[in-house]
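Take a look at the structure set out below.
In what follows, residues are counted from 1 in the order of the sequence shown.
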Amino acid sequence: MLRVRCLRGGSRGAEAAHLIGAMLGRSVAGWVQRTFQSTSSAAAAAQRQAAEEEPVTEPIQQECPVCSYNEWDPLEEVIVGRAENAHIPPFTVEVKANTYEKYWPFYQKHGGQSFPADHLKKAVAEIEEMCNILRHEGVVVKRPEPIDWSVEYKTPDFTSTGMYAAMPRDILMVVGNEIIEAPMAWRARFFEYRAYRPLIKEYFRKGAKWTTAPKPTMADDLYDQDYPIRTVEDRHKLAAQGKFVTTEHEPCFDAADFIRAGRDLFVQRSQVTNYMGIEWMRRHLAPDYKVHIISFKDPNPMHIDATFNIIGPGLVLSNPDRPCRQVDMFKKAGWTVVKPPTPLIPDDHPLWMSSKWLSMNVLMLDEKRVMVDANEGTIHKMFENLGIKTIKVNIRHANSLGGGFHCWTTDVRRRGNLESYFH
């Protein structure tokens, strides 16, 4: 009798054939045993021989669709965020600590509501055009699911509404063939991962590793409820003292506080990333990768890529307004540290969740091509002087939601190998 042997992951039809074959096998074998007792030993021997000769087909190995080691290898696939349904987060202590004083009345009045409809409509159109340009440059573009972020949710520790799925860089980091889902630190972003789960499951089924960092409870103990910020001077003083709104109650981090350079990753302690979160990443990635803590003269550290953006092997953009305290170690390693020009974005353009330095928050398509703000003429010249072609895109209204090109994306696959660039 021919038996069908199904490997794990086979089709339902194959499994059914296997079951039917087995049932028939048992039925016929019983009949043979009752009718021809004298031949049972020979039949058993024949069955064993047939089983030994059965061909076993292994699953076809597919190339993993997820693989990225740095910020500049040729980009082949990327996740781009969505501005649709974006909502203003409630004005909680962690949101207050991460936003500028002039926008606090905006949060107090509109927290939990949609961002201004006309502004949001323009941001959506800009990101759609950005996706079209990426495709024109040969990059596969994936998008998170649209979700209603207005829905209020409640955990045993807090109640909140959602925010958006605009900035995949904040929540997802790719290291090699592994997707790491960050735990986040804002209550309004607690369930943000839901927009990306269909994509992550698709990558997992195709061979990617998938790790979810420990999810914080985001109970009151994670935040300094009396964090004393009233002015920019307060922020500078607290940052210099190493005091942040997030405590060390439990691990938390945003993926955007890390930046990759092969076997070395650099991270800052910030308002949303604590030392417990950094230590979790350090242990998780060891021994293949090293995680280095660096710091900046920054009154409001949150996300490293508009302060220190690595754009090539041994080539980094370093914000002149937020100098790196460990810059000498990069220079000693032979790196070129470039100070980008002052941003040109007008003072009256709303930046509810970020600074003007999104001008340096660029996305490298490879070592010689960069996606950059179409309005920032001076940084175009800087890249031209570096021998890098600029792909100019206007996302000025999308900037208002808190990110530039690097923030709005997570690179899923870059063509390259794991190397060490920091010695």
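A donor-acceptor distance shorter than 3.5 angstrom exists from the side chain of His380 to the backbone of Asp373, with no hydrogens or angles considered. At least one donor-acceptor pair under 3.5 Å links the side chain of Glu126 to the backbone N or O of His397. Side-chain atoms of Arg263 come within 3.5 Å of backbone N or O of Asp288 as a donor-acceptor pair. The closest donor-acceptor contact from the side chain of Arg413 to the backbone of Pro65 lies under 3.5 Å. Looking at Asn85, its side chain does come within 3.5 Å of a backbone N or O of Ile147 through a donor-acceptor pair. Between the Asn361 side chain and the Cys407 main chain, a donor and an acceptor come within less than 3.5 Å of each other. Side-chain N or O atoms of Gln225 include one that pairs as donor or acceptor with a backbone N or O of Asp220 at under 3.5 Å. Side chain of Lys215 to backbone of Pro183: a donor-acceptor contact under 3.5 angstrom is found. Of the possible polar contacts, none joining the Tyr227 side chain to the Thr246 backbone as a donor-acceptor pair under 3.5 Å is found. For Asn274 (side chain) and Glu250 (main-chain N/O), a donor-acceptor pair under 3.5 Å exists by modelled atom type.
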**Asked** How far apart are the C-alpha atoms of Ser295 and Gln268, what are their side-chain angles, what is the distance that settles it, and do they pass the side-chain hydrogen bond (donor to acceptor under 3.5 Å, both in side chains) test?
**Response** CA-CA 6 Å; Ser295 60; Gln268 65 173 351; over 6 Å; no
**Message:** Run the side-chain contact (heavy atoms from CB on, under 4.5 Å) test on Val66 and Val174 for me, step by step, so that the C-alpha distance in whole Å, both residues' side-chain angles and the decisive distance to 0.1 Å come before the verdict.
**Reply:** CA-CA 8 Å; Val66 174; Val174 172; 3.6 Å; yes
**side-chain contact (heavy atoms from CB on, under 4.5 Å) assessment of His87 paired with Phe115** = CA-CA 5 Å; His87 272 63; Phe115 281 96; 5.6 Å; no
**Request:** Test side-chain contact (heavy atoms from CB on, under 4.5 Å) on Val370 and Ile311 and set out the steps.
**Result:** CA-CA 9 Å; Val370 61; Ile311 61 170; over 6 Å; no
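Within the structure, side chain to side chain donor-acceptor pair (under 3.5 Å) pairs that include any residue of residues 306-320 comprise Thr307-Arg322 (at least two apart or interchain). Within the structure, ring pair (Phe, Tyr, Trp, His ring centres under 6.0 Å) contacts touching residues 134-155 (residues at least two apart or in different chains) are Tyr153-Phe191.
Using a cutoff of 4.0 Å between basic side-chain nitrogens and carboxylate oxygens, Asp170 and Arg189 are scored as salt-bridged. Salt-bridge annotation for Glu279 and Arg283: present, with a side-chain N of the basic residue lying under 4.0 Å from a carboxylate O of the acidic one. Comment: Arg169 engages Asp411 in a salt bridge, judged by a side-chain N to carboxylate O separation of less than 4.0 angstrom. Salt-bridge formation is detected for the pair Arg269/Glu248: a Lys NZ or Arg NE/NH1/NH2 atom is positioned less than 4.0 Å from an Asp or Glu carboxylate oxygen.
Atom CZ of Arg325 has more than 12 heavy atoms from other residues, nucleotides or ligands within 6.0 Å. Around atom NZ of Lys209, no more than 12 heavy atoms belonging to other residues, nucleotides or ligands sit under 6.0 Å away. No more than 12 heavy-atom neighbours from other residues, nucleotides or ligands sit within 6.0 angstrom of NZ on Lys389.
Here the options are Tyr289, Phe308, Phe253, the test is ring-ring contact (aromatic ring centres under 6.0 Å, His included), and the partner is Phe258; only Phe253 passes. Residue His303 forms a side chain to side chain donor-acceptor pair (under 3.5 Å) with just one option from Asn98, Thr273, Asp254, and that option is Asp254.
For the pair Leu315 and Val338, the minimum side-chain heavy-atom distance is below 4.5 Å. Side chains of Asn375 and Asn394 form a contact here, defined as non-hydrogen atoms less than 4.5 Å apart. In this structure, Leu351 and Tyr100 have side chains that are not in contact, with every pair of non-hydrogen atoms separated by 4.5 Å or more. At least one side-chain heavy atom of Arg143 sits less than 4.5 Å from a side-chain heavy atom of Cys131. Here the side chains of Thr342 and Thr378 are not in contact, with every heavy-atom distance at 4.5 Å or above. The shortest side-chain heavy-atom distance between Thr161 and Pro90 falls under the 4.5 Å cut-off. Looking at Glu181 and Arg197, their side chains come closer than 4.5 Å, going by heavy atoms from C-beta outward. With a 4.5 Å cut-off on side-chain heavy atoms, Pro320 and Trp357 count as touching.
Judged by a 6.0 Å distance limit and a 45° cone about the ring axis, Lys142 is not positioned over the six-membered ring of Tyr196. Taking the ring axis of Tyr69 as reference, the NZ or CZ atom of Arg414 does not stay both within 45° of it and closer than 6.0 Å to the ring centre.
Between Trp104 and Phe91, the two ring planes are tilted [angle within 30° to 60°]. Classified by interplanar angle (parallel below 30°, tilted 30° to 60°, perpendicular above 60°), the ring pair His119/His349 is tilted. Classification of the Phe266-Phe330 ring pair by plane angle, with boundaries at 30° and 60°, yields tilted. The aromatic rings of His110 and Phe106 are tilted relative to each other, their planes meeting at an angle between 30° and 60°.
If you check the side chains of His406 and Glu71, you find a donor sitting under 3.5 Å from an acceptor. With no hydrogens or angles considered, a side-chain donor-acceptor pair links Thr92 and Glu94 at under 3.5 Å. Side-chain polar atoms of Glu178 and Thr211 form a donor-acceptor pair below 3.5 angstrom.
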